[in-house]
Structures are given as C-alpha cells and as structure tokens.
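Data block below; observations after.
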Amino acid sequence: MNSYFPGRWISGVTLTLGPVIMCAGYLLRYLSTVTALTPQQQAWAEAQPFAAYGQLLAYTSAPALLTLAYAVFALGMMLLFPAFVALAQRIGGSLAFWGATLLVAGLFSRFYFAGADQTAFQLTESIGLDQATQAIMKEYVDISYGPWRIPVWASVGQYAGSLLLAVAAWRSGLFGTARALMLLLAGGTWMGVLKSASIPDVLVTGLLCVALVPLGVRVLRDRLPAPGGRSKIFSW
C-alpha cells in the first residue's frame with residue numbers, strides 16, 4: 001500500500017477525514033444560509049430563479065459564517081482527491097481507475113466553482129450587494145460554465161465516476177451492495193456556482209462517511225483484507 005501514491009498514511013487519513021469534512025461543509029452551508037437570512041428573506045430567496053440570489057444576500061448578512069462554510073467545503077473537496085485515488089487503487093482494474101479519474105475531474109470543477117463563489121462574495125464588498133448581484137446574474141451562465149465550458153463538462157465526471165467506482169467496488173468485493181449504493185448516492189449532489197445546500201445533501205454525504213471512514217481506519221491500522229470477488233446482492 002505504501003508503494004503507490006498517495007501511500008498508506010495519506011490514504012488512511014484522507015479516507016477518514018475527507019468525507020467527514022465534506023459532510024461538515026454541506027451542513028455548514030445549509031446552516032449558515034438558514035442562520036443568516038430572516039424567514040422573509042428565505043421566502044424571497046426561494047422565489048428567485050437561482051440560489052445565487054440568496055447566497056449573496058446571506059453573505060452580506062453574515063460574511064464570516066458564509067466564509068467558514070465555503071472554506072470547510074473546499075477543504076473537504078481537497079481531501080477527497082487522494083481518498084478517491086486510494087480507493088481506486090485498493091479496488092484495482094480499469095473500471096475503478098476510470099471512475100476515480102472522472103470523480104477527481106468533478107472535484108477540479110468544484111474548485112473552479114469555489115473560485116467563482118469567492119469572487120462573487122468579494123464583489124458584494126467592493127460594489128455593494130445590488131450592483132454585484134445584477135452584474136453576476138447578467139453573466140451567470142457564462143460564469144458557471146467556465147472557459148470553453150471545460151468546468152461544466154468536468155463536473156459530469158462526478159456523476160459518471162461515482163457510478164463506475166461504485167460498480168467496481170461492488171464487483172471486487174471491497175464494498176457490499178449497501179456501501180456501493182452509499183458511494184453512488186453521494187455522487188448525486190449538486191454542482192455549480194453559488195448553490196445552496198440542503199438536508200438531503202448532508203444526509204447522502206453522511207452515507208459517504210459510513211462507506212469510506214471504516215476503510216480509512218483499516219488502512220491506517222494496516223489490516224485490509226484482499227477484495228474477495230463480486231459481492232452478494234444483499235451485503236454490507
């Protein structure tokens with residue numbers, strides 16, 4: 001396990017902490033928006049065509065809290081990069097490698113979106129909420145898609161990659177049906193600029209913790225059994 005990137009310790013730590021911090025990021029993004037906005041503001045934000053309106057308003061109401069939420073979310077994305085690589089290496093085979101590659105591409109697109117989020121927030125401080133919102137929403141589609149639409153196409157990798165990696169983990173016997181489904185469900189969370197989080201986002205990322213954290217602990221303890229072939233239909 002220590003002969004290949006990212007090695008035993010980085011693999012174990014990121015498999016253990018990556019999904020937990022990502023889940024905390026989703027939770028903080030949900031709670032920060034709820035906390036920063038009054039019920040009337042929340043109703044107004046929900047009536048808008050994009051979540052960006054509410055996120056920009058929430059930032060102007062509680063900039064430190066929104067910054068914390070988005071920062072923790074970004075840290076979780078960063079830690080999941082070596083975690084997915086480690087998972088694919090443990091599974092082995094082209095299906096797992098393609099799945100992890102596509103998932104990592106999705107993480108890269110999330111970092112592009114994070115940069116756009118931060119730029120938008122800083123604009124509210126420089127030119128005010130109204131002007132910043134007007135300017136951002138006028139160009140929202142081009143900002144979200146990115147140059148040559150590379151970020152938005154890369155974001156598709158999250159959905160396709162989670163499917164391939166879940167199937168590969170199940171076929172190898174490393175994950176049973178339950179944990180493979182948890183990995184698949186976690187790959188269905190939203191992507192994009194200035195998106196709002198919800199309780200379902202928190203829950204499915206919590207399932208990712210259930211799937212990956214025990215594996216990370218076993219990697220750290222150096223007690224990994226070899227994958228034993230295709231799992232049964234009803235298996236853990």
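Just so it is clear, the structure is predicted and the values come from calculations on it, not from any experiment.
Gln122 CD: more than 12 foreign heavy atoms inside a 6.0 Å radius. Counting heavy-atom neighbours within 6.0 Å of Phe97 CZ, excluding the residue itself, gives a total above 12.
The shortest heavy-atom contact between Gly187 and Gln158 is O-NE2, 2.9 Å. Considering every non-hydrogen atom in both Leu208 and Ala186, the closest pair reads CB-CB, 3.7 Å. For the residue pair Arg221 and Arg8, the shortest heavy atom distance occurs at C-NH2, 3.9 Å. Between Val213 and Pro19, the shortest heavy-atom contact is CG2-CG, 4.2 Å. Closest non-hydrogen pair, Pro214 versus Cys209, comes out as CD-O, 3.7 Å. Minimum interatomic distance between Gly54 and Ala45 (heavy atoms only, all atoms of both residues): CA-CB, 3.7 Å.
Looking at Leu123, Thr60, Thr124, Leu56 one by one, the single match for side chain to side chain contact (heavy atoms under 4.5 Å, CB included) with Thr133 turns out to be Leu56. Paired with Thr16 under the rule side chain to side chain contact (heavy atoms under 4.5 Å, CB included), one option of Leu215, Val219, Leu220, Leu79 passes, and it is Leu220. Exactly one of Thr14, Leu80, Leu75, Thr205 qualifies for a side chain to side chain contact (heavy atoms under 4.5 Å, CB included) with Ile21. That residue is Leu75.
Rounding to the nearest 0.5 Å places CD of Gln48 at 9.5 Å from CG of Leu57. Between Tyr30 atom OH and Ser32 atom OG the span is 11.0 Å, to the nearest 0.5 Å. Rounding to the nearest 0.5 Å places CG of Leu95 at 5.0 Å from CG of Leu164. Taking CG from Leu165 and OG1 from Thr101, the interatomic distance works out to 10.0 Å, rounded to the nearest 0.5 Å.
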Distance-only donor-acceptor hits, side chain of residues 138-157, under 3.5 Å, sequence neighbours excluded:
unit_1, atom_1, unit_2, atom_2, d
Tyr140, OH, Val193, O, 2.7
Ser144, OG, Tyr140, O, 2.9
Ser155, OG, Val152, O, 2.5

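Residues Trp44 and Leu37 are not in side-chain contact: their nearest non-hydrogen atoms beyond the backbone lie 4.5 Å or more apart. You'll find the side chain of Phe73 stays beyond 4.5 Å of the side chain of Leu28, heavy atoms only.
Side chain of Arg179 to backbone of Leu174: a donor-acceptor contact under 3.5 angstrom is found. Proximity of a side-chain donor or acceptor of Gln42 to a complementary backbone N or O of Val34 within less than 3.5 Å is detected.
Ring centers of Phe121 and Tyr70: under 6.0 Å apart, within the cut-off.
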